[in-house]
Amino acid sequence: MLAEITLEFEDNSRLSSLYGEHNCYLSRIEQKTGSSFTVKGNILLIEGKKAAREVAKQIIISLYDKLEQGAEITMGDVDGAIRMADFLEERPQKKVVERKNFAPHENKIRTRNAVISPRSTNQALYIEALRETNMTFGLGPAGTGKTFLAVAMAVSFLLEGRVEKIILTRPAVEAGEKLGFLPGDIREKVDPYLRPLYDALGQMISMEQTERRLENGDIEVAPLAFMRGRTLSNAFVILDEAQNTSPMQMKMFLTRFGENCHMVVCGDPSQVDLPDGTPSGLYHAMEILQDIDDISFINFTADDVVRHPLVGKIVRAYDKAER
């Protein structure tokens, strides 16, 4: 007979959210870990081989902690907890042992509206880099959380008073369009290009707060060309879609770095929209800056995709075709 772990929960009201509709979350964890669950009121029995039991226990505890903090759980959170359990297994000094000794993993980002936890090993490393190093490159396919986590950390820094403003920028390269052909003032021209950043801000501090902070200058959005000649100090600066910069533009941007500046460069080297023959500044920076201290490079893969599972399959298919 296989040994078991017994978890007893004080708050029954959270268990339906923890287990999922028709226990679908428990079923996913069983499928991924090789463990099995038995529910008896407020008691959860975990059966299986020792390693499977321990991993399943970590997953359940991390999800329950998320509920205790007032967050909701989705299947994406469950999949993320499964990936992170593997990550913690590789770091035994941080492994969860008992419920009473459990402390939330330090790699969380707290904003006004959300507490964001990593959903993969590389996301955890990325959050560490965002917090600890002054310049971070987040590299990899769409859907891996590069930009979302960078915006979340920027908001966290702003709310904590660690920086005075957030600056969001990206090159205005999109299917051959030019900013000058778009109607409106500069913000109206650049808005379509920065919509993913606005959406992320809205999740962190609400769209109303975002608009207010845009008006008072706490948050600034501008095309990359408007960075020339500036020194960016006391700011959290995010360059998105960096694969569409030229080497000269990338150098210009990186050398804007000032006092108490935190700079993040996000890009997918496989999705360059520059005209044929134009080299990517992101590729160039990856080649020449790797050995500089206090610059972190986090490389995401299809395994880190946190959107619909189909996105990860699509990324893998394109990677295979390109190889």
Side-chain angles (χ1 to χ4, degrees), residues 1-110 114-128 131 144-145 149 300-309 312:
M1 181 177 178
L2 295 175
E4 64 184 29
I5 292 175
T6 301
L7 296 180
E8 184 174 356
F9 301 96
E10 298 176 359
D11 190 345
N12 283 2
S13 65
R14 292 194 173 102
L15 296 187
S16 61
S17 297
L18 178 65
Y19 299 161
E21 187 174 0
H22 304 303
N23 290 346
C24 63
Y25 298 161
L26 294 183
S27 297
R28 177 65 66 92
I29 298 169
E30 288 177 332
Q31 175 189 3
K32 295 294 185 179
T33 64
S35 60
S36 64
F37 296 110
T38 301
V39 178
K40 296 182 178 180
N42 67 329
I43 293 175
L44 181 67
L45 301 179
I46 308 174
E47 296 180 316
K49 295 181 179 180
K50 182 178 179 180
R53 296 196 312 266
E54 290 296 328
V55 171
K57 174 183 165 184
Q58 288 180 26
I59 295 166
I60 292 295
I61 288 174
S62 66
L63 293 172
Y64 189 76
D65 175 71
K66 192 176 183 72
L67 289 171
E68 284 187 320
Q69 296 178 39
E72 297 180 356
I73 289 179
T74 66
M75 190 61 81
D77 295 312
V78 175
D79 289 336
I82 292 168
R83 286 190 292 262
M84 287 308 301
D86 293 337
F87 176 48
L88 294 175
E89 279 289 312
E90 297 167 5
R91 292 187 166 192
Q93 72 274 17
K94 294 185 179 181
K95 184 177 176 181
V96 176
V97 179
E98 295 181 13
R99 180 72 183 94
K100 62 184 180 182
N101 294 329
F102 176 69
H105 192 264
E106 62 207 39
N107 280 351
K108 294 184 178 180
I109 306 174
R110 300 179 186 276
V115 177
I116 295 96
S117 302
R119 292 186 176 183
S120 72
T121 301
N122 284 325
Q123 282 198 355
L125 296 173
Y126 187 52
I127 291 174
E128 286 183 0
R131 184 173 284 117
T144 51
L149 292 174
F300 294 91
T301 69
D303 292 334
D304 299 299
V305 172
V306 294
R307 292 179 186 167
H308 193 283

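From a predicted model like this one, the values you see are computed outputs, not experimental measurements. For the single chain, residues carry numbers from 1 onward in sequence order.
Here the CZ-CG distance, from R28 to D79, works out to 4.5 Å after rounding to the nearest 0.5 Å. Taking CZ from R131 and CD1 from I109, the interatomic distance works out to 6.5 Å, rounded to the nearest 0.5 Å. Here CD of E30 is found 6.0 Å from OG of S36. Values are rounded to the nearest 0.5 Å. With values rounded to the nearest 0.5 angstrom, L18 atom CG is found 5.0 Å from I60 atom CD1. Once rounded to the nearest 0.5 Å, the distance linking CD1 of I29 with CG of L63 reads 5.5 Å. Taken to the nearest 0.5 Å, the CG atom of L7 stands 5.5 Å off from the CG atom of L44.
Minimum heavy-atom separation, A81 to I59: O-CG1, 3.7 Å. The shortest non-hydrogen separation linking L67 to S17 is CD2-CB, 3.8 Å. Heavy atoms only, all atoms of each residue included: A56 and S35 are closest at CB-OG, 3.4 Å. Closest approach of E4 to E47, counting heavy atoms only: OE1-OE2, 3.4 Å.
Donor-acceptor pairing under 3.5 Å is lacking for the side chains of D304 and T144. With no hydrogens or angles considered, no side-chain donor-acceptor pair links S62 and D65 at under 3.5 Å.
In this structure, the side chain of D77 engages the main chain of T74 through a donor-acceptor pair within 3.5 Å.
Using bins of under 30°, 30° to 60° and over 60° for the plane-to-plane angle, the ring pair F9/Y64 lands in the tilted bin.
Checked against the 6.0 Å centroid criterion, the rings of Y19 and F37 do not qualify as a close aromatic pair.
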Just do the side-chain contact (heavy atoms from CB on, under 4.5 Å) check on V39 and L26 with the steps written out, would you?
CA-CA 10 Å; V39 178; L26 294 183; 3.8 Å; yes
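Atom NZ of K32 sits in a sparse spot, with 12 or fewer heavy atoms from other residues, nucleotides or ligands closer than 6.0 Å.
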